[in-house]
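Working notes, structure below.
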Amino acid sequence: MNDIAQGTIDAFRLIFTLDPDLLEIVGLSLRVTVTAVLIASLIGLPLGAWLVINRFRFRRQTIAVLNALMGLPPVVVGLFVYMMLSRSGPFGVFGLLFTPTAMIIAQVIIITPLIASISHQTIRDLWADYHDLLISLNTSRWQRITALLWDGRRALLTAMLAGFGRAIGEVGAIMIVGGNIDHSTRVLTTSIALETGKGNFAFAMGLGFVLIALAVTINLLMHSLSRTERASVW
């Protein structure tokens with residue numbers, strides 16, 4: 001218990017003194033995760049809407065596969081990206097392995113199905129309400145997708161939040177493609193694993209507290225922007 005108490009005290013000291021190493025790790029984590037969430041949202045949100053308004057062969061099977069991909073093992077994604085970006089892989093010439101870009105690519109692959117699936121479920125309800133109106137206005141498919149995404153923008157923040165939550169806590173794929181290189185690809189989750197293994201529990205706990213604080217802060221911010229929990233509708 002004394003070790004835990006001392007570790008907690010040291011962790012908060014690192015946070016409140018704005019330890020440079022801690023700030024560097026937090027900054028890289030946010031940069032990688034936010035970039036991945038934005039890219040995945042640009043792909044997943046329109047994809048979810050497209051699956052709602054279009055009818056084609058094997059549509060149900062496509063949606064089922066998309067839902068199944070939400071549980072895609074991160075280590076498998078990391079292995080796949082590693083093979084694609086390694087020197088013997090098709091994209092090895094770009095030298096992206098063990099860089100933040102490789103980490104972003106892995107996170108995008110992991111969270112895009114999650115964002116697309118949640119957005120599909122959300123927009124499906126909107127499409128039931130707007131179907132007749134949008135059809136009567138003779139809108140194009142892209143106009144329908146745009147209208148549905150815009151009208152459901154606040155609810156769709158939930159999909160982005162889910163993607164952020166999974167990406168910020170990812171460690172397996174990030175470790176494989178990033179390598180956990182100091183001052184280069186070291187993020188919160190990989191740092192926690194490393195420092196715990198080294199027995200540096202104070203720094204590991206400090207990183208853990210920051211990780212939890214980031215997740216809570218981002219969620220509160222998104223809920224505030226969406227205004228879904230006003231006092232009148234709580």
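Considering every non-hydrogen atom in both L85 and A102, the closest pair reads CD1-CB, 3.6 Å. Shown here for A106 and V177, the closest heavy-atom pair between the two residues is CB-CG2, 4.1 Å. In terms of heavy-atom proximity, L69 sits nearest to P113 at CB-CB, 3.6 Å. Nearest heavy-atom pair, L28 versus P100, reported as atom, atom and distance to 0.1 Å: CD1-CG, 4.1 Å. Here the shortest heavy-atom pairing between V75 and G172 reads CG1-CA, 4.1 Å. Across every non-hydrogen atom of S41 and I115, the tightest pair is OG-CD1, 3.7 Å.
The local environment of CZ in R57 is sparse, with at most 12 non-hydrogen atoms from other residues, nucleotides or ligands closer than 6.0 Å.
Applying the side chain to side chain donor-acceptor pair (under 3.5 Å) test to S184 and every residue at least two apart in sequence or in another chain returns nothing. For S29, the side chain to side chain contact (heavy atoms under 4.5 Å, CB included) partners at least two apart in sequence or on another chain are I25, I168, V187, L188. Residues meeting the side chain to side chain contact (heavy atoms under 4.5 Å, CB included) test with L79, sequence neighbours left out: M83. Remark: T146 pairs with W142 by the side chain to side chain contact (heavy atoms under 4.5 Å, CB included) rule, at least two apart or across chains. Residues forming a side chain to side chain contact (heavy atoms under 4.5 Å, CB included) with V76 (at least two apart in sequence, or on another chain): P73. A search for ring pair (Phe, Tyr, Trp, His ring centres under 6.0 Å) contacts involving F58 returns nothing, not counting sequence neighbours.
Atom CG of L133 and atom NE2 of H131 lie 11.0 Å apart (nearest 0.5 Å). For the atom pair W150 CH2 and L148 CG, the distance stands at 13.5 Å (nearest 0.5 Å). Summarising the geometry, atom CG belonging to L134 is positioned 11.0 Å from atom CG belonging to N138; distances are rounded to the nearest 0.5 Å. Interatomic distance, CE of M160 versus CZ of R153, reported as 13.5 Å (0.5 Å rounding).
For the side chain to side chain donor-acceptor pair (under 3.5 Å) with N180, the lone residue among T190, T189, T185 that qualifies is T190. Of the options T217, V210, I212, a side chain to side chain contact (heavy atoms under 4.5 Å, CB included) to L214 is made by V210 and by none of the others.
Listed by chain and number, the hydrophobic cluster partners of L42 come to none, as no ILVMFWY side chain reaches under 4.5 Å of it. Side-chain contacts under 4.5 Å among hydrophobic residues (ILVMFWY), followed directly or transitively, place M70 together with L114, I118.
Q107 contributes no side-chain N or O that, together with a main-chain N or O of I104, makes up a donor-acceptor pair within less than 3.5 Å. Panel note: side chain R141, backbone W50; no donor-acceptor pair is recorded below 3.5 Å.
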Query raised in the report: Can you list the steps and then say if V216 with L220 is a side chain to side chain contact (heavy atoms under 4.5 Å, CB included)?
Result: CA-CA 6 Å; V216 172; L220 290 175; 3.9 Å; yes

Report task. Apply the test side chain to side chain contact (heavy atoms under 4.5 Å, CB included) to residues F164 and T33: give CA-CA distance (whole Å), side-chain angles for both, the deciding distance (0.1 Å), then the verdict. Result -> CA-CA 7 Å; F164 179 87; T33 301; 3.6 Å; yes

Query - Stepwise side chain to side chain contact (heavy atoms under 4.5 Å, CB included) check, L156 with I123 - result: CA-CA 8 Å; L156 291 174; I123 294 173; 4.3 Å; yes

Query raised in the report: Can you check side chain to side chain donor-acceptor pair (under 3.5 Å) on R59 and N54, steps first, answer last?
Result: CA-CA 8 Å; R59 175 176 174 271; N54 284 281; over 6 Å; no

Query raised in the report: Does the pair R60 and I63 meet the rule for a side chain to side chain contact (heavy atoms under 4.5 Å, CB included), with working shown?
Result: CA-CA 5 Å; R60 291 185 178 179; I63 296 173; 5.8 Å; no

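By the criterion of side-chain heavy atoms lying less than 4.5 angstrom apart, applied directly or through intervening Ile, Leu, Val, Met, Phe, Trp or Tyr residues, V171 is not grouped with V32; the two fall into different hydrophobic clusters. A single hydrophobic cluster is not seen to contain both F98 and L194; linkage of ILVMFWY side chains at heavy-atom distances under 4.5 Å, directly or through other members, places them apart. Note: the hydrophobic cluster containing L97 also contains I105 (ILVMFWY, side chain heavy atoms under 4.5 Å, direct or indirect links). In terms of hydrophobic clustering, with Ile, Leu, Val, Met, Phe, Trp and Tyr side chains grouped at heavy-atom distances under 4.5 Å, M84 and M175 are assigned to different clusters.
A side-chain hydrogen bond (donor to acceptor under 3.5 Å, both in side chains) check over residues 110-130, counting only residues at least two apart or in different chains, returns the pairs N67-S117, Y130-D151. Within the structure, salt bridge (charged side-chain N to carboxylate O under 4.0 Å, His left out) pairs that include any residue of residues 166-186 comprise D182-R186 (at least two apart or interchain). For residues 197-224, the salt bridge (charged side-chain N to carboxylate O under 4.0 Å, His left out) pairs, not counting sequence neighbours, are E195-K198.
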Return all side-chain donor-acceptor pairs below 3.5 angstrom for residues 15-24, not counting sequence neighbours, or 'none' if the list is empty.
unit_1	atom_1	unit_2	atom_2	d
T17	OG1	R13	O	2.5
T17	OG1	L14	O	3.4
D19	OD2	D21	N	3.2
D19	OD2	L22	N	3.1
E24	OE1	H183	ND1	2.7
E24	OE2	H183	ND1	3.1

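Proximity of T196 to I192: side-chain heavy atoms (C-beta onward) are separated by under 4.5 Å at one or more points. Under the 4.5 Å side-chain criterion, counting only non-hydrogen atoms from C-beta, I109 is in contact with V81. When side chains are defined from C-beta on, T99 counts as touching L96, because their heavy atoms get closer than 4.5 Å.
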